[in-house]
Amino acid sequence: QQEIKIGVIYPLSGAAASSGSEMKNALELAADIVNNGAKTVPNLPFSAGGGLPNLKGAKIKLVFADHQGNPQIGATETERLITQEKVVAIVGAYFSNVTATSSQVAEKYKIPYVNPESSSSTLTQRGFKWFFRTTAHDDLFVHNFFDFFKELEAKKGIKVKQLATFNENTLWGNETTKLETKLAAEKGYNLVKTIVYPAKSTQLTSEVQQLKSANPQVVMQSSYLGDAIMSMKTYKELGFSPEMILANNAGFTDTEFRRTLGKDADYVITREVWSPDLAKNNPLIKQVNDLYNSKYKADFTGNSSRTFTGLMTLVDAINRAASTEPEAIRKALVETNIPANKLIMPWKGIKFDEHGQNVLGSGILVQIIDGKYNTVWPFDLATKDVVWPMPKWDQRK
Amino acid sequence: MLQVRNLRVSYDGVLALSKVDIDVEKGKIVALVGGNGNGKSTTLRAIAGLNAADAGQIVFDGKPLDKTPACKRVGLGLSLVPEGRRIFARLTVERNLQLGAYTRKDENEVAESIDTMYSLFPILKERRYQLAGTMSGGEQQMLAIGRGLMAKPKMLLLDEPSWGIAPKFVTKVLDTIQLINQQGMSILLVEQNLHKALAIAHHGYVIQTGRIVMQGTGQDLLNNEDVKKAYLGV
Amino acid sequence: MSLEIIIQTLASGILIGLIYALVAIGLTLIFGVMDIVNFSHGEFLMFGMYSSFWMYSLFALDPMFTLPLTALFLFALGTLLYKLIIKKITNAPMLSQIFTTFGLMMLFRGLAQFFWKPDFRTVDHSIVSGAVQVFGIQVGMPQVTAGVGAILVTMGIYLFLTKTRAGAALEATAADKEAAQLMGIDSQKMFAMAWGIGAACAGVAGALLSTFFPIFPEVGANFILIAFVVVNLGGFGSVIGALFAGIIVGVIEVMGGFLIGPQYKLALVLGLFLAVLMFRPQGLMGKQ
Amino acid sequence: MSLLRVESVSKRFGGITANQDVSFEVGAGKIVGLIGPNGAGKTTMFNCIAGYAPPTTGEIWMNDIKVSGMSPEQCARAGIGRTFQVARTFTSMTALENVMVGAFLINKNVGDARQSAARLLSFVNLGQFRDKPAGSMTISEQRRLAVARALAVKPRLLLMDEVMAGLNPTEVRETVDVVLKIREEGISCLIVEHVLEGIMPIADAIVVLDYGKKIAEGSPEQVSRDPKVIAAYLGDE
Amino acid sequence: MNIQDKTVISAHELLAPDSHGNSSVKYILLALCVLAALLVPVVVKDPSHQNLAILILMAAQLGVAWNIVGGYAGQVSLGHVAFYGLGAYTSTLLLTQWGFNAWVAMLCGGILSAAISLIIGWSCFRLNGHYFGMATIAVAEIIQIIFTNWEYAGAAVGLTLPMDQQGWGSMIFTDKAPYYYIALGLLLLTLAVNYWIEHSYLGYYFRAIKDEPDAARSLGINLSRYKQIAFAVSSFFTAIGGSLYAQKELYIDPGSVLHTGLSIKMALVSILGGVGTLLGPVIGAGVLTFIEEGTRALFGGSGRGTDLVIYAALIVVIAVYYPTGVMGWIKQFFARRKAVKAQKEQDVQEAKREAA
Ligand SMILES: Nc1ncnc2c1ncn2[C@@H]1O[C@H](COP(=O)(O)OP(=O)(O)OP(=O)(O)O)[C@@H](O)[C@H]1O
Ligand SMILES: Nc1ncnc2c1ncn2[C@@H]1O[C@H](COP(=O)(O)OP(=O)(O)OP(=O)(O)O)[C@@H](O)[C@H]1O
Ligand SMILES: [Mg+2]
Ligand SMILES: [Mg+2]
């Protein structure tokens, strides 16, 4: 019986290893479902088990590689996966800069590369033929923020004028800042402060002081977990209470974020791509999440659900290609058209444009209330009404 | 007091001492003389425990020392004033002296000893708070001797105490050595100032390329023709 | 820039600076005695944090109560590390010493990740929490506790070094190991003690930090560069120097971040550090 | 004609005056001894002359070049060679390589430097140690090596700080011979020494320092009869 | 402060005729090595293995370059990544923004780095030992911060080299072999310069400065001038190594070419092989890369950082038990054999004397 080797490359050690292992779990779950089936999720493609029907039940085998968050290692490992392990396709690599180098290697070897979660918009502007991204990218996410503001005014009568950006100084934070600055100007918002801060700070006092003296209504923030927690603590300590903190995923969607801050995490709104309460509209979400939970004692996150979806998309393409030839898989990927109801994402489906970008993806906004993430936007998917403004620190109980 | 038998020491496989036998009787001054690089310092260092012996025994005060590390030998009453001073350059003069008495417990006695050192070497008193490293060469040498004496050892090993000391003071240093010896301290002395050293020594050994080639009373050696020719420049 | 902001940033800067100082003191001590730069010092801090965390999460003991235990544990770890590994490189060239402690750094991080997972952990409820109002400004209670703790420990170490026999012996060993042996000082014991105390300092810093800083295997990386700067600025081997340098660095970082822009705050600290070295190549309080 | 002129040099370290208003000269091809009790300021004077510690006041001239205020390497180029009270050999190199480093000042060619270094090693009677690592030589051997090394830069004046310390009388004799040979090469020597048997017989002149001040100057005989010198330094024997 | 490397050995010593056969054998061996190296891409076809070979060559080249200042001259720079990054950024910007020929761009990067090293050296060479090391780290961090915030240089987003402009002029290839030969050529060039330095007066001066700077001054050596020379040559070649990295990976950002860990790695390579020796860094690079890639390939997929643990443990073991690196170990081996022989002879003679 044939085995289809798929290379997966993630940060399995180093600073981002915790995200890495989460995504690894999701991938293993996906592979397990395809190979061995899962009765509880009949609507999920391939949940019948027994491998890929069009390839005589060939099983998929994941070959893991660790890039440690290092672009060079990412490239080296990708090359190893392709030439040594002879994988037919690659899934990876979380960090946008690693995705950049490793997808370049795949492009060179003409091996399909599915990227489920890197959000740098530049990745799909390189004219690559073998690169496919299932998630929406930063460009879109930032647009979401501004759409949200507009709808907020139109539908709820809440006026947002003064914005501040507070982003970490990495590729991601930098691109986000640029877009936010551009869109704020275009859409007539007043950007009162733009802060980029060095990631992994030991303290964020000066940053918060600057925010406080600029006194914005809304802070749009991009931080990884450590900084996210520290910034919240510093907000409270220095008594900085904007009307809203509108976070850009990452640290703010980490389970540890809520656990650590407890009540202090409440009312923050963060951009997400996935949330368990979406199950209300799509039962598949709960079913798959239960499977994941029973296996790993945790819920899906935006990252793991996207990674899961990425691999499933690739599997779907391989199956349709009915071949393990890279070119055939690529062709199948180009023709991908997965409807919304086959996904565990709140997307309209998966369909790639000529750059390999999924055009049907989108983001949601969730607000933490009583320690839980609740979808609050798009309003038609919302499970709870948005609470605006967040209460001032000294008025919380 | 001290018996060295068949001592053998090497540096990185190169022999520096072979078959060295030395005896120091209680209350005596014994001089160890020889030319450059013949192993005098190595002998003293091995006795003090700084160099490991490849073979042989060192018995001090009836106790074999082969398992005793250098720092423990001080407590037994064996103190070395090393070649090249080795004072604690970044500490003050007084701190150096205090450290010399590290193994002694009674603080009052220690303070008394420090005063004794100051009267022996007045310059040290004058410079007591100066960093030792900024003292002149000879001053440092005095400090090193003083520091060695601070341990109140039963036996003192002195490696070229007159090195870099002005002539007038050399006499004083050697007088001091004789004085403390008379107060009961045994002494093993390596000294290039052969006339003076052998004059105060009760017994002397001549070492050549790592082996003892001659021994006798200080006076005997002074009068020996070979010694005269080889070391006294006569 | 209003007066309130000035005072507020100053206070925050001093408080974080005290933590820097505490981390740096352990480093400077080890360096002063052994001439070895311990690249794995940040990992001592990390172990201190985990020690607090585990006692908190397994036995619900507050990091403040377990602080002495953490210090003791780190002391043991430091001495053990000395006896097992560092002892062998005492006389090795400086480069292989760097190599060793650098390897240890990676090893400790790896081990922490292996055993405790790369997740972020936090001590979410400690007896020191919330904020206090002093002179019209808010300062976090955990930070204040940490600052006070840092001052106490620094003073303790300073007195130990200058006033006790063991302190003198440490200094002598630092100056000339062989000569110290001739004074009857057991240099092995001294070195082990230096590593023990150095690690314990980092451990205490870790315990104090654990009440307000996330805990993860790589947490040492956030502090080590700054600790190095503090050690240098204060002068290698100078405890009091480290204390002052820590505060200076903390204040510059916070003030500079506020005035010039957060992305350059570290550059500012480093620039200042280089400038000081130009005029005082041995650091503020270092000996030549 | 004097080669080196020290003109009222003073040197202070904080509160300590190591040299005070010292003047003397070293003639071309002469051996001058600089003696005095411990801490009299002899090494400090060397450091002033060789550029390691610029004088607080006063000037030092080498022929027509003012060397006070110059850096050590400039002094070396101006013709001042020196040894250190602590030998400071390049311990990771062999004896020959140590001397070669000095020789490169004159000639950057490795082969030539090797040849002249080998010659100099024999000159100071260290020929047999050619390939021995300097770090494993005894302290007195290292001092002699330092002399050869200093000679390699072809100085016109050689400053030697206690090169005879720790030698027995026979070895002192050998070293004296080396010094005499150096003078024969036309190199002046300024020697700090406590081993009077070594310096008195060969010095053309002696300068005596005490507490940083010059207390006597003259021929060895004159100086050794000087009551001030006897009281401060020689002691009455 | 004890920063001297007491156990250092010179390659000259190691390759001296008496310890390793005669010198013509040595040259034949050398020629064979180079020939073998030239044939690697012909024999090894697998691109991933070729890549490994390139990584070794590149690491070796960096180690050799670092060794000039860190090993021979004893100025332990822990911020060499600054030059690496400067090289990578300069050549990439010249190539992409100004349309320079890649080779010229590379050279410019090297020259710029050397020039900047003069400025850094001017301010830092007064510092001793650890202070110098720390100052270089600080400089490198500052440069990293500047590049992270500098829009023109791509800031945190980094720069991408155009993959479609392939050829020798742009030094971009799909194949591995050209990169291999460029890396090999660069390594050989760096080695040749190193060899020349070691055997000229410069090599002696560097070692003298490292051993006893004060004494070196008394011999007319201008310390900062010669430290500058060592630093400039070293940073020149480091920068060229950085450019090659950019050409090979086609993407650079501050995280990949200005990362502090890389500075340490350059030093590690030298230490592992033997500091202050000509071929030490080459051997060190081979060993280190194998350990690194090997542990990652074997344990990297576990998700628990096992590879890092093993890698780190190996480094510690090597540092503790072989502090003088592979070259030092080899030398010790021969020295011990010689000593045992000498000891035996001595014993025999002694016995004879005793008998007499
Ligand atoms: N650290 C060392 N490493 C290698 N060899 C050494 C070392 N110290 C001394 N030796 C060698 O051991 C031998 C004896 O040296 P030692 O210092 O004991 O001689 P010494 O009689 O004290 O000479 P000196 O009168 O010069 O002080 C010499 O040949 C010397 O070269
Ligand atoms: N850096 C310094 N700081 C303070 N005092 C110093 C310094 N250097 C030297 N001195 C003092 O200056 C005086 C002269 O020292 P110097 O070394 O010149 O004496 P010397 O004549 O060479 O003595 P010796 O014969 O003992 O070597 C000494 O008392 C010494 O303590
Ligand atoms: Mg000796
Ligand atoms: Mg002197």
Check whether any side-chain heavy atom of A/Asn97 sits under 4.5 Å from a side-chain heavy atom of E/Ser256, and report yes or no. no
Atom pair CG/CG of E/Leu308 and A/Leu12 - distance to nearest 0.5 Å: 10.5 Å
Among E/Asn149, E/Leu52, E/Ile145, the residue with the most heavy-atom pairs under 4.5 Å to chain A is E/Asn149
Charged N to carboxylate O below 4.0 Å: is that the case for A/Arg80 and E/Glu293? no
Side chain, backbone, both or neither: which part of E/Leu262 has an atom under 4.5 Å from a heavy atom of chain A? neither
Would you mind checking which part of E/Glu292 comes under 4.5 Å of any heavy atom in chain A, side chain (CB onward), backbone (N, CA, C, O), both or neither? neither
Do E/Glu249 and A/Gln104 have side chains that approach each other closer than 4.5 Å (heavy atoms only, starting at C-beta)? no
Please classify the contact between E/Lys45 and chain A as side chain, backbone, both or neither, with a heavy-atom cut-off of under 4.5 Å. neither
Between E/Ala156 and A/Leu171, which heavy-atom pair has the shortest distance, and what is it? CB-N, 3.4 Å
Whatever's closer than 4.5 Å to a heavy atom in chain E on A/Tyr10 counts as neither
May I ask you to test the A/Gln72-E/Leu55 pair for a side-chain heavy-atom distance under 4.5 Å? yes
Which answer fits A/Glu107, side chain, backbone, both or neither, if we ask what part of it has an atom under 4.5 Å from a heavy atom of chain E? side chain
If you measure from OG1 on E/Thr148 to CG on A/Asn174, what distance do you get to the nearest 0.5 Å? 8.5 Å
pair A/Glu79-E/Gln50: side-chain heavy atoms closer than 4.5 Å: no
Spacing of OG belonging to A/Ser103 relative to OH belonging to E/Tyr251, to within rounding of 0.5 Å: 10.5 Å
Could you have a look at A/Thr170, A/Asn169, A/Leu62 and say which one has the most heavy-atom pairs with chain E under 4.5 angstrom? A/Asn169
Point-to-point distance, once rounded to the nearest 0.5 Å, from CZ of A/Phe95 to CG of E/Asp253: 11.0 Å
In this structure, OG1 of A/Thr101 is separated from NZ of E/Lys248 (nearest 0.5 Å) by 10.0 Å
Rounded to the nearest 0.5 Å, what separates atom OG1 in E/Thr160 from atom CZ in A/Arg126? 7.0 Å
